[in-house]
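Working notes for the structure below.
When a residue number appears, it is its place in the shown sequence, counting from 1. Both counts, for ligands and for their atoms, begin at 1 and track the order of listing.
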Amino acid sequence: MEQLWEQALNCLKTQLSTENFETWLEPVQFGGIEGDSFVLRIPNQFFAEWIAAHYLDLIVDTLQSQAGDARVPSKVRWELDETLRERAQAARESTPPPPSVRAPRATPRAPVSADLNPKYRFKNFVVGPANQLAHAASVACGSDPGRRYNPLFIYGGVGLGKTHLVNAIGHAILQRNPRARILYLSAERFTNEFIWSLQNHQINTFRERYRAQCDVLLMDDIQFLAGREQTQEEFFHTFNALYHSDRQIVMTSDVYPQQIPEMQERLISRFQSGMVADVQAPELDTRIAILQTKAESEGIELPSEVALFLAQAVRSNVRELEGTLLRIAVKAELLGLPIDLELAKDTLRTMVPNQDTAMTVDDIQRIACGYFGIRLADLKSRRRHRAVSFPRMIAMYVCRQRLGTSYPELGERFGGKDHTTVISAVRKIGSLVEAQDERVLGAVDAIERKLGI
Ligand code: ADP
Ligand code: MG
């Protein structure tokens with residue numbers, strides 16, 4: 001039985017973010033099966049509520065599939081285990097808790113701190129028309145924080161340099177003022193720390209850290225707060241405290257402030273009250289320059305015709321562009337070959353959309369329906385049953401990824417849905433893809449192959 005739980009944990013680990021896994025599942029112990037229930041031991045009642053609200057279906061599904069037997073219980077009985085609490089407490093005191101729930105600690109004083117990524121600097125950020133404004137505003141924040149562009153809100157699609165820019169702002173500020181108290185973190189971590197603080201009666205320390213002891217707040221992926229009312233409330237007060245004492249706030253998001261679903265109006269209006277700048281997919285020249293910069297920093301010899309070829313082939317996402325370059329470099333090294341057009345073409349053949357086929361939303365919808373065996377009318381209907389909602393989300397995701405169709409247009413094409421519905425569908429599938437969910441990967445892959453990608 002212990003083994004079953006171990007196996008299930010291994011499987012769950014691949015499906016959740018590390019932060020959430022360490023925070024919520026690692027402390028839980030398996031207490032065997034009693035009657036028609038799994039027994040799960042938890043350190044306190046809060047765990048029961050949180051897990052029940054967020055992970056219960058997933059846990060039960062996983063246990064059942066690991067056991068390979070549908071007769072395995074589908075209910076959970078919670079058992080409070082004081083020793084778990086003591087052990088968790090002891091562990092917290094001897095080692096810091098996971099980063100996601102790290103207790104407020106002494107204010108960093110050294111320029112190396114602030115949790116910034118040392119790789120992301122202005123000097124290795126390539127500027128082009130698609131990111132010029134965001135870059136200029138970031139540089140201004142870096143040299144004169146809290147003055148001209150406050151707050152700064154940077155938005156744009158995945159892999160287009162938002163995280164890079166925010167980190168670069170932090171480095172630039174620290175360079176001028178090594179004593180600046182900078183907090184860089186994702187909105188997900190803010191949320192987790194907030195919950196941890198409530199649960200451990202540390203809310204005053206939390207507020208002290210984010211409101212009083214912070215000169216610059218760099219908050220990545222603010223869209224994570226969507227639908228999280230209590231955290232939004234807390235962030236609202238954090239924002240005001242910082243803003244009213246002229247401290248710099250920088251936020252990033254994957255969409256424009258008003259397009260973040262389920263976000264309080266008053267927060268949206270604050271997000272827009274300073275400077276809002278977007279990052280777009282870079283155009284060809286910038287993509288070539290990015291490849292060259294990256295190659296140089298990695299010590300890769302990149303002939304210009306290969307750079308041109310790659311920049312033409314991978315267009316929408318800088319992360320993908322860099323990933324392709326690295327893949328080719330690794331392949332060249334493994335096979336002892338030079339990096340040339342032939343190798344580049346060979347590597348890309350397996351991974352890049354065929355530029356000759358002009359596919360459309362209709363094609364993707366048709367193929368998705370074929371793959372899942374449902375009717376087009378159902379795909380576009382309002383029905384929420386999983387048998388149609390899952391294919392619909394997958395089709396929306398593929399359209400967005402491969403065609404870059406706007407969210408409102410996709411909403412329209414999928415039977416008149418709100419753009420926020422499309423955004424959350426695309427995001428949900430995106431995170432399942434990242435988590436390597438087999439069902440999702442299988443479906444996306446099958447549809448893309450049919451499309452000739
Ligand atoms: P986002 O946060 O928008 O999803 P990231 O900042 O994580 O994107 O960028 C993804 C990768 O692409 C990073 O490795 C980053 O350094 C690189 N990158 C993005 N834009 C640029 C650019 N203009 N110049 C150099 N590297 C870039
Ligand atoms: Mg990012």
Closer than 2.8 Å to the Mg ion (ligand 2): how many protein N, O or S atoms are there? 1
Run the salt bridge (Lys or Arg N to Asp or Glu O under 4.0 Å) test on Asp215 and Arg179 for me, step by step, so that the C-alpha distance in whole Å, both residues' side-chain angles and the decisive distance to 0.1 Å come before the verdict. CA-CA 10 Å; Asp215 298 322; Arg179 297 172 70 84; over 6 Å; no
Within the protein, flag every N or O under 3.5 Å from an N or O of ligand 1, and note the pair and distance.
{"residue": "ligand 1", "atom": "2 (O)", "partner": "Thr163", "partner atom": "N", "Å": "2.9"}
{"residue": "ligand 1", "atom": "2 (O)", "partner": "Thr163", "partner atom": "OG1", "Å": "2.8"}
{"residue": "ligand 1", "atom": "3 (O)", "partner": "Leu160", "partner atom": "N", "Å": "3.2"}
{"residue": "ligand 1", "atom": "3 (O)", "partner": "Gly161", "partner atom": "N", "Å": "3.1"}
{"residue": "ligand 1", "atom": "3 (O)", "partner": "Lys162", "partner atom": "N", "Å": "2.9"}
{"residue": "ligand 1", "atom": "3 (O)", "partner": "Lys162", "partner atom": "NZ", "Å": "2.8"}
{"residue": "ligand 1", "atom": "4 (O)", "partner": "Gly159", "partner atom": "N", "Å": "2.7"}
{"residue": "ligand 1", "atom": "4 (O)", "partner": "Arg319", "partner atom": "NH2", "Å": "3.4"}
{"residue": "ligand 1", "atom": "6 (O)", "partner": "Lys162", "partner atom": "N", "Å": "3.4"}
{"residue": "ligand 1", "atom": "6 (O)", "partner": "Thr163", "partner atom": "N", "Å": "3.1"}
{"residue": "ligand 1", "atom": "6 (O)", "partner": "His164", "partner atom": "N", "Å": "2.8"}
{"residue": "ligand 1", "atom": "7 (O)", "partner": "Arg319", "partner atom": "NH2", "Å": "2.8"}
{"residue": "ligand 1", "atom": "8 (O)", "partner": "Leu160", "partner atom": "N", "Å": "3.4"}
{"residue": "ligand 1", "atom": "8 (O)", "partner": "Gly161", "partner atom": "N", "Å": "3.1"}
{"residue": "ligand 1", "atom": "14 (O)", "partner": "Glu322", "partner atom": "OE1", "Å": "2.8"}
{"residue": "ligand 1", "atom": "16 (O)", "partner": "His164", "partner atom": "ND1", "Å": "2.7"}
{"residue": "ligand 1", "atom": "23 (N)", "partner": "Val126", "partner atom": "O", "Å": "2.8"}
{"residue": "ligand 1", "atom": "23 (N)", "partner": "Asn131", "partner atom": "ND2", "Å": "3.3"}
{"residue": "ligand 1", "atom": "24 (N)", "partner": "Val126", "partner atom": "N", "Å": "2.8"}

Please determine if Arg392 forms a cation-pi arrangement with Phe414, meaning its NZ or CZ atom is less than 6.0 Å from the six-membered ring centre and no more than 45° off the ring axis. no
Would you mind writing out the side-chain donor-acceptor pairs for residues 156-164 within the sub-3.5 Å range, not counting sequence neighbours?
{"residue": "Lys162", "atom": "NZ", "partner": "Gly156", "partner atom": "O", "Å": "2.9"}
{"residue": "Lys162", "atom": "NZ", "partner": "Gly157", "partner atom": "O", "Å": "2.7"}
{"residue": "Thr163", "atom": "OG1", "partner": "Asp220", "partner atom": "OD2", "Å": "2.7"}
{"residue": "His164", "atom": "NE2", "partner": "Arg121", "partner atom": "N", "Å": "3.4"}
{"residue": "His164", "atom": "NE2", "partner": "Arg121", "partner atom": "O", "Å": "3.0"}
{"residue": "His164", "atom": "NE2", "partner": "Asn124", "partner atom": "OD1", "Å": "3.1"}

Under 30°, 30 to 60°, or over 60°: which ring-plane class applies to Tyr243 and Phe239, parallel, tilted or perpendicular? parallel
May I have all residue pairs that pass salt bridge (Lys or Arg N to Asp or Glu O under 4.0 Å) and include part of residues 403-414, sequence neighbours excluded? Asp362-Arg413, Glu409-Arg413
Are Phe153 and Tyr256 an aromatic pair, judged by ring center distance below 6.0 Å? no
Less than 6.0 angstrom separating the ring centers of His135 and Phe122, yes or no? yes
Can the positive tip of Arg386 be found less than 6.0 Å from the middle of the six-membered ring of Phe390, inside 45° of the ring normal? yes
Using a strict 4.0 Å threshold on nitrogen-to-oxygen distance, state whether Arg315 and Glu283 make a salt bridge. no
